[in-house]
Peer 1: 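Have a look at the structure that comes next, please.
Quantities reported herein were computed from a predicted structural model and do not represent experimental measurements. Note that the numbering runs from 1 along the sequence shown for the chain. Every number for a ligand or one of its atoms is a count from 1 in the order of the listing.
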Amino acid sequence: MGKLWANSGDSHLVEPDDLFETRLPQDLADRMPRSVKDEDGAWETVYVDGQEFRRRMPKPGTAARSFSDDDGLTERRMIGGRDVVSRLKDLDDEGVWGELTYPSLGIWSFNIRDPKLALAGSMALNDWAMEMQNASPRLVCTAAIPLIDIDDAVNEAKRCREMGFAAVSLPTRPGLSGKVQHNYVDPFFDPLWDILNDMEMRLCFHIGTEPHTPDERTGVVHRGRGGAILNYTETTFGGQRAAAQMVASGALDIRPKLKVVISEGGSGWVPFVADRLDEAFRQHSGAVSPKLSRLPGEIMYDQVYASFQHDYRSSVMALTAGGYQNSMFGSDYPHWEGTFGHTQKTLHELFDDVSPEASRRIRIGAFQELFPHVPQPPADEA
Ligand code: MN
């Protein structure tokens, strides 16, 4: 099997333990996200700005498609999350070239309720992410944008663009802004959409990033029978909602340079949701507001990109059968549920029976269209 190269629309950096301590005044650093694992490693508690979240840790070695715990991958992924030189070596081994990266612990900062802390914390995270991005032209790091105060959001997006960021990340549902629970259709966000469009910064959502209330167990919607499968499946829907909101509200229609990425949620849903949006637009046209300049499904096909890891049925078919050109591979490195350790096997299983054009578009082309400054990957091996 010759080596196939792929860009990744879904990867992560892992913050150093002292990131906030070294970059923020102590009183602010103390309130930034901090993870404490139980002694047996089965659970972790994440502390954020006076809130506490408990979640079960993934169990190494239990992913059937993945890896066993004793092959050294566990340690390598811990190192590669933080060190770019080790990371690039892992990526070269795996055949992953460019990467769109999200923070790990930083994702929890969307739970912050204090605008001052949200801004200072985002700036610290972004300064560190830029140091990582500067270490390799293959990394496209997303800037964390504080969303409580819209002026802060706009200013931080501008600052990050000037620093060299090409993408921002937002949670799939905004947290509280004061006492207000916003939704991405709200005019509140228009100044941010305007500036991202003007600066051609990609608007990226990673699934499972909805802020949680401390009294709900993180990521748990279903209990009892089927819970593990249902809860994992549930995480994908938030990305679909965010994308649908950006389309239906007209936010994308009037800003044709604004491109949305939904990471880790698969891409087979796009043709399906696009059909539903179109049906609503046509069959309920009297109630549709705002009127869009074209079918919402067309807007979604043009301006929404979506990444998947192992979707053997749906995500390749989204392109080959559904005509959706923005389906993108994502490795989810260095996370447990990603393809690290078996990326080549996965790529061959996904693409060996697919036309070279479709294969290349999903592995390389869609990512390149979003981030044309990233160098070309090496040629595939025959
Ligand atoms: Mn991911």
Peer 1: Do you know which of Glu99, His335, Arg77 makes side-chain contact (heavy atoms from CB on, under 4.5 Å) with His12?
Peer 2: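 Filter result, single survivor: His335.
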Peer 1: Using the Mn ion (ligand 1) as the vertex, how large is the angle between OE1 of Glu264 and NE2 of His206, rounded to 10 degrees?
Peer 2: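 OE1 of Glu264 and NE2 of His206 make an angle of 80° at the Mn ion (ligand 1), to the nearest 10°.
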Peer 1: Only to 10 degrees, please: what angle do the OD1 atom of Asp10 and the OD1 atom of Asp332 make about the Mn ion (ligand 1)?
Peer 2: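 Once rounded, the angle between the two atoms at the Mn ion (ligand 1) is 100°.
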Peer 1: Within the 3.5 Å criterion, strictly below it, is a donor on Glu369 or Tyr305 matched to an acceptor on the partner's side chain?
Peer 2: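 There is such a pair between these side chains.
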Peer 1: Is the closest side-chain heavy-atom distance between Thr74 and Trp336 below 4.5 Å?
Peer 2: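 With C-beta onward as the side chain, the pair touches.
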Peer 1: Report whether any nitrogen, oxygen or sulfur of His335 sits less than 2.8 Å from the Mn ion (ligand 1) (N, O or S, backbone or side chain).
Peer 2: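 No - counting backbone and side chain alike, His335 has no N, O or S atom under 2.8 Å.
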Peer 1: Where do Asp198 and Lys257 come nearest, in terms of heavy atoms and distance?
Peer 2: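 Asp198 and Lys257 have their closest heavy atoms at O-NZ, 4.0 Å.
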